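Report on the following structure.
Order of the sequence lines sets the chain letters (A, B, ...), proteins ahead of strands, with each chain counted from 1. Everything quoted here is computed from the prediction, not taken from an experiment. Quick note: numbers below take in every heavy atom, side chains included, and nothing from hydrogens, waters or symmetry partners.
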Amino acid sequence: MTEESSSTKTRLLSRGLTGGIHPPVKSDLGYWLSIRAGALIFGAAIVLFVWSILHQSLSAWTSHGIHILTGTVWSPSTSNYGALPLILATLITTAVALLVAVPIGLGTSLTIIFFLPQRLKTPITSLVELLAAVPSVVYGLWGLFVLVPWMNTTIEPKLASITGGGFPFNGATNGFGLLLASIVLSVMILPTIVAISRDVIAAVPHEQIEGALSLGATKSQTLLKVVLPEARTGIFGAITLGAGRALGETIAVAMVIGSNPQIPKSLFSTGATLSSTIATEFGEASGAQLAALGALALILMVITASVNAGARTLTRRALRGHA
Amino acid sequence: MSMTQDELNPTRDTEPITNGQSAVSTLTPPAMRLENVSVSFNGRTAVRDCTFNVASNRVTSLIGPSGSGKTTLLRSLNRLHDLTRSAKVEGKIMLGDIDIYGGSLPPTLLRSRIGMVFQRPNPFPTMSIYDNVVSGLRFNGIKKKALLDEAAESALISAALWDSVSSRLKAHGSTLSGGEQQRLCIARALAVEPEILLMDEPTSSLDPISTQRIEELMVELKNRVTIIIVTHNMQQAARVSDDCAFLLMGEDRAGELIEFGPTTKIFNDPSDPRTLDYIQGRFG
């Protein structure tokens, strides 16, 4: 028995909820059967789901093999199905989106909790949470109408001048591309990061804060050395959820990334992510191309699942260090 | 109410010495002086008009029933109320000859001179025992490892914790028992070498044996640091403190200082009948 399931069992036992070890008493039979049926249906649905995607993409794996993962050219018209450009674009846009959104999100949370006067806390919080309610296609349009020209004329030339036209701000610019997709993504994941990190930061006991201050710590020392470390597990969870959303985000990315599957040479490059490619190509796809899109879906699922699993492992390790 | 203060405060030093250690305090200037200190929240007064002197190298206890403003008063001494926007501290609190609310001493510097131990042990859970002890020094900008090591050892020795933790300084503070955690917090406060140590009911969450150890520690520590302790426990005040302030909630629910004096006098021969009632357990 794994460590986790044994601890889950102990937890259930302590709540008196378990029925797994002893056979159910008669009056409990209906309940016993129904929760098991629920679990069974859910489990079956997941298995069926994964299997169907596997099945869908099977012919792509058998005919191209590992080339799907390592191939550098994605060109359905020439039957080239190398997903590496798409994988890279997916990972890069997510990473850059996190780089932008995490500091801003944490700063926003800390400001809301520690610096805003009481009467401003609720309006600012609702404002940030409102961002989560905006449909992604609206973000896509916003990127298209507002950000593309702005990026093209102002932001990208400025960034290029900072690195002197060197990596990662090299090459031609036209507004569209990985950088714009990352920025749109960062705005989209900001509410998630703020909402969760605000809750975990606010949960840091006031005694810890007073303990630090009473030793002569400044407010910023208290936040950096005591509050953030103590909330780190939850903050990590917030980042993971944000990453999950960024990895899978489809329509807004498809609208601003340029839909041009190529190995990115810079953040100004146009590109295409796994999800944006599926969304833009599935309409006309059939046969081998459809199978290849199924393979993309599988790759995307594996990436998001690994991010989640990795985050969970790290979180558990952090918690163990805690205890 | 000010009558009792006027009666007691100036006279304390001229009174016949009832406590063998009082001789010291008549010679050295007070570590802190409180002059008409009031604390209010949103305009509602929580403690009013407290005036008394805290003698150096002695233990001063603040006693009184719940709601009498003991903790509120204590927290005004290291400006912890600064965190609460609605809080307002009036009157004068002198640390030596510095008015701590006068603006000449930044709160961070003040708090490195006036340490604090809280009701519940609050070691930083993400830090090791060692990091906890030296955290105050690090906040104050000390980085040299040799200095930190030395300070950590001496603070842990002072807090009677060195023997039990010296072999596991890298362990987390939360692996210690409640009493050990509280002593860790005392060590953490001592490492900064404060002149004054504020203790807010430091044993209220501890078992009797841990409580006893902390009380013994306070008596040992007063040679190097002036201690002001808030306690619910009258026996504790009688056991550890040299001077005692008795606070009581007045008619408008604001805490007031009823009587201040040497602990032996407060407990054996109080001037105010309300003090006697409280000491004898008639309320509170």
Donor-acceptor contact present, side-chain B:Asn122 to main-chain A:Glu207, <3.5 Å: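 Confirmed, B:Asn122 side chain pairs with A:Glu207 backbone.
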
Using atom types as modelled and distance alone, determine if a side-chain donor or acceptor of B:Arg188 lies under 3.5 Å from a backbone N or O of B:Ser135.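 Such a contact is absent between B:Arg188 side chain and B:Ser135 backbone.
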
What part of [X] gets closer than 4.5 Å to chain A, counting heavy atoms only: side chain, backbone, both or neither?
X        : answer
B:Pro107 : neither
B:Leu80  : side chain
B:Phe118 : side chain

Please rank B:Met116, B:Arg85, B:Arg79, B:Gln119 by heavy-atom pairs under 4.5 Å with chain A and give me the top one.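 Looking at each of B:Met116, B:Arg85, B:Arg79, B:Gln119 in turn, B:Arg85 comes out on top.
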
Of all of B:Leu110, B:Leu83, B:Asn78, B:Leu137, which one pairs up most often with chain A through heavy atoms under 4.5 Å apart?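 So the answer, after comparing B:Leu110, B:Leu83, B:Asn78, B:Leu137, is B:Leu83.
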
Going by heavy atoms in the side chains, are A:Ile155 and A:Lys158 under 4.5 Å from each other?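 Counting from C-beta outward, A:Ile155 and A:Lys158 never come under 4.5 Å.
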
What closest approach, in Å, do B:Leu77 and B:Ile100 show between heavy atoms, and which atom pair accounts for it?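 Where B:Leu77 meets B:Ile100 most closely, the heavy atoms are O-CD1, 3.3 Å.
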
Only pairs of heavy atoms separated by less than 4.5 Å count here; which of A:Thr218, A:Leu215, A:Val226 has the most with chain B?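 Highest number of heavy-atom pairs under 4.5 Å: A:Leu215.
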
Check whether more than 12 heavy atoms from other residues, nucleotides or ligands sit under 6.0 Å from atom CZ of B:Arg120, and answer yes or no.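 No, not enclosed.
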
